[in-house]
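Here is the structure we will look at, set down as structure tokens.
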Amino acid sequence: MVPAAVATAIGKKLATEEIEPQSRAEALWLIRETARSCAVSRIEGLVNRRDYAEGEIRRKLRDDGYSSRVIDDVVTRAINGRALDDKRFADTFIRSKVAAGWGTRRIEHELSLRGIEASDIPGWPYDYIDTDSESDRAYGLISRRRLTGKNDYAKLVRFLVGRGFGMRDATAAASRLIQESSDEE
């Protein structure tokens with residue numbers, strides 16, 4: 001099966017009589033070279049918008065229908081050319097998610113979905129998060145939430161655990177907020 005972008009590119013070349021393969025070998029060569037060219041263009045289009053992890057790019061190319069041979073070739077070239085860099089991606093990803101209020105567990109999970117192990121990132125988690133103040137970060141995240149008086153503790157804990165905070169930090173932050181709001185009344 002040939003990816004749609006490759007078929008379109010070959011169709012345009014054939015229509016403009018730019019090419020005319022004379023043998024099966026020439027046709028296969030044309031398909032391979034066009035596939036490489038289209039895959040490179042796909043990677044360029046993706047990384048021009050934002051940084052991607054290698055695993056994400058591989059998955060996108062595989063979903064587009066490129067062969068593993070073409071994927072390996074173009075991804076290796078992109079890594080060598082520094083268009084793809086998992087450590088750079090992870091650094092940016094982690095910093096943005098910490099700023100968005102994500103906890104360590106969720107960040108680690110999301111990185112693993114992208115094919116990156118957080119333990120492979122130099123300085124994780126100590127260079128990114130003060131792990132001693134995780135419950136303070138969790139409290140800061142929920143302190144702006146409105147309490148309704150109905151299942152507030154459970155809702156707060158569920159929210160924080162969903163954001164990737166550990167149960168210990170989530171319960172400590174929720175208890176602190178509930179206690180402070182009851183002291184104010």
Spell out, as yes or no, whether a donor-acceptor pair under 3.5 Å connects the side chain of [X] to the backbone of [Y].
X    : Y    : answer
K155 : K150 : yes
D152 : G149 : yes
R144 : G140 : yes
R58  : S68  : no
S112 : H109 : yes
D86  : E54  : yes
R114 : E110 : yes

task: Count the heavy atoms of every other residue, nucleotide or ligand shown that sit under 6.0 Å from CZ of R88, and state whether that count exceeds 12.
output: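 Correct, the count exceeds 12.
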
More than 12 heavy atoms from other groups under 6.0 Å of CZ on R24: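 No - once you tally the heavy atoms of other residues, nucleotides and ligands closer than 6.0 Å, there are 12 at most.
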
query: Same cluster or not: are I129 and L160 linked, directly or through other Ile, Leu, Val, Met, Phe, Trp or Tyr residues, by side-chain heavy atoms under 4.5 angstrom apart?
result: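 Different clusters: I129 never reaches L160 through Ile, Leu, Val, Met, Phe, Trp or Tyr contacts under 4.5 Å.
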
task: Identify whether I94 and L113 are in the same connected component of the hydrophobic contact network (ILVMFWY, side-chain heavy atoms under 4.5 Å).
output: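 Different clusters: I94 never reaches L113 through Ile, Leu, Val, Met, Phe, Trp or Tyr contacts under 4.5 Å.
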
Can you tell me how far [atom2] of [Y] sits from [atom1] of [X], rounded to the nearest 0.5 angstrom?
X    : Y    : atom1 : atom2 : result
I142 : L177 : CD1   : CG    : 4.5 Å
R176 : L156 : CZ    : CG    : 13.0 Å
D63  : K60  : CG    : NZ    : 8.0 Å
I107 : W102 : CD1   : CH2   : 7.5 Å
L111 : I121 : CG    : CD1   : 6.5 Å
R106 : F165 : CZ    : CZ    : 10.5 Å

For [X] and [Y], work out which heavy atoms get closest and say how close.
X    : Y    : value
A83  : D51  : O-OD1, 4.1 Å
D169 : A138 : O-CB, 4.2 Å
I43  : A78  : CG2-CB, 4.3 Å
T104 : P125 : CG2-CB, 4.5 Å
A173 : S135 : CB-O, 3.7 Å
A100 : R163 : O-NH1, 2.9 Å

query: In terms of side-chain geometry, is the basic nitrogen of R59 or E56 positioned less than 4.0 Å from the acidic oxygen of its partner?
result: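 A salt bridge is absent here (no side-chain N lies under 4.0 Å from a carboxylate O).
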
query: Hey, is R105 close enough to E108 for a salt bridge, meaning N to O under 4.0 Å?
result: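 Not counted as a salt bridge, because no side-chain N and carboxylate O are separated by less than 4.0 Å.
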
- request: Taking side chain to side chain contact (heavy atoms under 4.5 Å, CB included) as the test, write out the residues that go with V157, two or more places apart.
  value: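 Only Y153, V161, M167, A170, T171, A174 meet the side chain to side chain contact (heavy atoms under 4.5 Å, CB included) criterion with V157.
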
message: What verdict does the side-chain contact (heavy atoms from CB on, under 4.5 Å) test give for R32 and L28, after you've listed the backbone C-alpha separation in whole Å, the side-chain angles of each residue and the deciding distance to 0.1 Å?
response: CA-CA 6 Å; R32 272 194 306 272; L28 290 174; 4.0 Å; yes

message: Under a 3.5 Å threshold, yes or no: a donor from one side chain and an acceptor from the other, between T76 and N80?
response: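 No donor-acceptor contact under 3.5 Å links the two side chains.
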
query: Checking salt bridge (charged side-chain N to carboxylate O under 4.0 Å, His left out) for the pair E33/R36: CA distance, chi angles, key distance, verdict?
result: CA-CA 5 Å; E33 290 306 308; R36 279 191 182 91; 3.3 Å; yes

Please tell me if the side chains of [X] and [Y] come closer than 4.5 Å, counting only heavy atoms from C-beta onward.
X   : Y   : answer
I10 : L30 : yes
L84 : F89 : no
Y66 : V6  : yes

- request: Please assess V98 against R137 for the test side-chain contact (heavy atoms from CB on, under 4.5 Å), listing each intermediate value before the final yes or no.
  value: CA-CA 10 Å; V98 166; R137 285 186 55 235; 4.1 Å; yes

- request: Could you walk me through whether T34 and K13 pass side-chain contact (heavy atoms from CB on, under 4.5 Å), step by step?
  value: CA-CA 10 Å; T34 306; K13 288 179 182 180; 3.8 Å; yes

task: Using the side-chain contact (heavy atoms from CB on, under 4.5 Å) rule, take E44 and V40 through it: C-alpha gap first, then chi angles, then the decisive distance, then the call.
output: CA-CA 6 Å; E44 288 171 351; V40 167; 3.6 Å; yes

By side-chain hydrogen bond (donor to acceptor under 3.5 Å, both in side chains) - contacts of D91 (at least two apart):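 R95, Y128.
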
